[in-house]
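Quick notes on the structure that follows.
Chain letters run A, B, ... following the sequence lines, proteins first, then strands; residues in each count from 1.
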There are 2 protein chains.
Amino acid sequence: MISDKTVARLSVYRRVLLDMQDAGQEHVFSHELAARSGCTAAQVRRDVMATGYTGSPVRGYDVAALAGSINDFLFHSEAQKVALVGIGNLGRALMAFSPRRNPRIPLVAAFDNDAAKVNRVIHGCRCYPVQQLEEVVESEGIRVGIIAVPSAAAQDTARRLCRAGVVGLLNFAPTHVWVPPHVYIENLDLSMALEKVAFFAGLRAPQKEISS
Amino acid sequence: MISDKTVARLSVYRRVLLDMQDAGQEHVFSHELAARSGCTAAQVRRDVMATGYTGSPVRGYDVAALAGSINDFLFHSEAQKVALVGIGNLGRALMAFSPRRNPRIPLVAAFDNDAAKVNRVIHGCRCYPVQQLEEVVESEGIRVGIIAVPSAAAQDTARRLCRAGVVGLLNFAPTHVWVPPHVYIENLDLSMALEKVAFFAGLRAPQKEISS
DNA sequence: TAGTCTCTGTGAAACGAATCACAGCGTGAA
DNA sequence: TTCACGCTGTGATTCGTTTCACAGAGACTA
Ligand SMILES: NC(=O)c1ccc[n+]([C@@H]2O[C@H](COP(=O)([O-])OP(=O)(O)OC[C@H]3O[C@@H](n4cnc5c(N)ncnc54)[C@H](O)[C@@H]3O)[C@@H](O)[C@H]2O)c1
Ligand SMILES: NC(=O)c1ccc[n+]([C@@H]2O[C@H](COP(=O)([O-])OP(=O)(O)OC[C@H]3O[C@@H](n4cnc5c(N)ncnc54)[C@H](O)[C@@H]3O)[C@@H](O)[C@H]2O)c1
């Protein structure tokens, strides 16, 4: 019923609105929000409609109220605890970022199969051996998993997370991962994204670079 | 003319085909490639059509030949050199990953405004003070940029990169960045992706978790 | 108080991408 | 030599999303 892309944009609007709030701005028009979010005014209005909020034709949207409405819409349920699997280069970067993250989506546990990386706390997040994955995910009630293990281990990691009760996955491994139909999975394939950029860059400047 | 999404999928097919080649597989049917890439057989056939390759109704596609055709299609131009701006947690993870990356898209320079992080070589990539950005990008003929700086610095970084001749950008900062119309930009907003996963996870398991 | 302005909310239209469906074909079996 | 099969390539169709376009409404002006 509610589209994937609308949710993505609402998340962007929310961040922009919080910035506006910090800057003391009280009202915002759809075209303004659109410009700061990289989409069109009509799209903003459609998306806002989905949250049930209604603005005023004169003042536009009330920044605080719209931010609140989007918050209620996006984070309607209780906080969604997150587990990270794979404390490698990427995993550690994600952990370093977590303090700045949304408190409604706390990173509560990390797992690795390398004994040297576990049984400690990084940025407030406890690191466990991967053998304890099921136990910790179930006892903590974790519902979201981040896969940051090598491709070869991705499918098995996904399977274990889903069995343990996870219903949302963020997969960084450049591999297609099968999950049960009730599980939502989002793939963030960085290499693919870079190849895409390189492809279009190649199209846009097919001639040799003219130096300075 | 050629769609964004088709390019993305071709990049995935390419990787799958290379795996198949390593495994000694010589032929592949569209439905098989589809299953391993997470899409449908019809989609595979349409996308393959775009590369100009034609398979045989009996054997399907020749793995090596199709991989070659996709390669030619995606990397038709000379190698696209890449610059990374922001040698922070994420930037370092990307650098660590670069040896495993496509040699047609080499990471040749990295920049940071923190003097402690520059004037050295990390994983074969030279790190420069950000003041030298224009100079290095122009002299090396770099056409692709990766933005891994804090949001506040993203727009200015993009502007500098574009001025210096970059025509493709991969942006990790959770901010909308304006670029000239001839520049292709791809945003990888990890926080947004996680919020999306958390949202759908919340929808799929709205009831309280039943422990063990 | 009437008029004008600009914005929202939203039905309708346009667009683009995914899917369907089938003709065409080479192969292997009988 | 003929038939049946299963796959590719692709026109036609369906589906979801974006964009258009305008009615409706509050505020400000004169
Ligand atoms: N680093 C990047 O910039 C980058 C870019 C694109 C894609 N990726 C992908 O992200 C994933 C992680 O990348 P990385 O750079 O962090 O790799 P990495 O090798 O640094 O880290 C992988 C971690 O996973 C752990 N691990 C391996 N098998 C495991 C298992 N079965 N269970 C639990 N833990 C296990 C390893 O001990 C290691 O700590 C890979 O799939 C990689 O392809 C990374
Ligand atoms: N680390 C993550 O997992 C993660 C997740 C989501 C988003 N991001 C985004 O990616 C970006 C980088 O994240 P990070 O974790 O690596 O941050 P970080 O703070 O670790 O690194 C940022 C780096 O950029 C450098 N820098 C700052 N201003 C600069 C400028 N004007 N020019 C050149 N260099 C400059 C800093 O010196 C630092 O080395 C941020 O925008 C962040 O929001 C990161």
Side-chain angles (χ1 to χ4, degrees), chain A residues 1-13 16-17 20 25-67 69-70 73 176 184 186-187 192 196 199-200, chain B residues 1-13 16-17 20 25-67 69-70 73 176 184 186-187 192 196 199-200:
Chain A
M1 181 218 136
I2 175 80
S3 131
D4 189 56
K5 314 209 176 168
T6 294
V7 173
R9 283 191 302 265
L10 284 172
S11 161
V12 174
Y13 304 155
V16 172
L17 288 166
M20 288 176 169
Q25 184 173 349
E26 290 186 7
H27 298 278
V28 64
F29 294 124
S30 61
H31 61 86
E32 206 180 340
L33 193 46
R36 303 240 334 223
S37 309
C39 59
T40 69
Q43 221 162 22
V44 167
R45 296 203 295 273
R46 272 251 181 272
D47 294 336
V48 167
M49 226 194 339
T51 71
Y53 180 80
T54 266
S56 127
V58 177
R59 306 199 181 286
Y61 304 104
D62 181 286
V63 171
L66 179 54
S69 177
I70 294 179
F73 182 82
H176 175 247
Y184 180 88
E186 173 90 7
N187 294 290
M192 192 214 72
K196 215 160 81 169
F199 173 81
F200 286 107
Chain B
M1 181 220 138
I2 175 79
S3 132
D4 188 58
K5 314 209 175 166
T6 294
V7 174
R9 282 191 302 266
L10 284 172
S11 159
V12 174
Y13 304 154
V16 172
L17 288 165
M20 287 175 169
Q25 186 173 347
E26 291 186 7
H27 299 278
V28 64
F29 293 122
S30 60
H31 61 86
E32 206 180 339
L33 192 46
R36 302 245 325 229
S37 309
C39 58
T40 69
Q43 223 161 21
V44 168
R45 295 202 296 272
R46 272 249 183 275
D47 293 336
V48 167
M49 227 193 340
T51 72
Y53 180 80
T54 267
S56 126
V58 177
R59 306 199 181 285
Y61 303 104
D62 181 285
V63 170
L66 179 54
S69 177
I70 294 179
F73 182 83
H176 175 248
Y184 179 87
E186 173 92 8
N187 294 290
M192 191 214 73
K196 214 159 83 170
F199 173 80
F200 286 107

List for me each residue that meets side chain to side chain donor-acceptor pair (under 3.5 Å) alongside B:Arg36, sequence neighbours excluded, and say none if there are none.
none
For A:Tyr13, check ring pair (Phe, Tyr, Trp, His ring centres under 6.0 Å) against everything at least two apart and list the hits.
none
Under 4.0 Å from any atom of DNA chain D, heavy atoms only: list the residues of residues 29-39 of chain B that qualify, in numerical order.
B:Phe29, B:Ser30, B:His31
Tested for side-chain contact (heavy atoms from CB on, under 4.5 Å) against B:Ser69, the lone hit among B:Leu10, B:Val48, B:Leu17, B:Thr51 is B:Thr51
Working to the nearest 0.5 Å, report the span between NE2 of A:His176 and CG of A:Asn187.
7.0 Å
Output one letter per nucleotide in nucleotides 19-30 of chain D: B when a protein non-hydrogen atom lies under 4.0 Å from the base, S when only the sugar-phosphate is that close, - when neither is.
B-B--B-BS---
Which part of the nucleic acid does B:Thr6 contact within heavy-atom distance under 4.0 Å: base, sugar-phosphate only, or nothing?
nothing
In chain order, what residues pass the salt bridge (Lys or Arg N to Asp or Glu O under 4.0 Å) check against B:Glu186, with sequence neighbours excluded?
A:Lys196
Span of DNA chain C engaged by chain A, first through last nucleotide within the 4.0 Å heavy-atom cut-off, is C:dC7 to C:dA12
Can you sort out the partners of A:Gln43 under side chain to side chain donor-acceptor pair (under 3.5 Å), two or more places apart, ordered by chain and number?
none
A:Ser37: what forms a side chain to side chain donor-acceptor pair (under 3.5 Å) with it, not counting sequence neighbours?
none
Show me the donor-acceptor pairs, under 3.5 Å and distance only, between side chains in residues 52-61 of chain A and residues at least two apart or in other chains.
residue : atom : partner : partner atom : Å
A:Tyr53 : OH   : A:Asp62 : N            : 3.2
A:Ser56 : OG   : A:Val58 : N            : 3.0
A:Ser56 : OG   : A:Arg59 : N            : 2.9

If the condition is side chain to side chain donor-acceptor pair (under 3.5 Å), which residues does A:Arg45 pass it with, not counting sequence neighbours?
A:Ser30
Atom-pair distance (OH on B:Tyr13; P on D:dT8), nearest Å
12 Å
Find the distance B:Met49:CE to D:dT10:C1' and express it as a whole number of Å.
6 Å
Test of understanding: with side-chain contact (heavy atoms from CB on, under 4.5 Å), list the residues that count as partners of A:Ala35, not counting sequence neighbours.
none
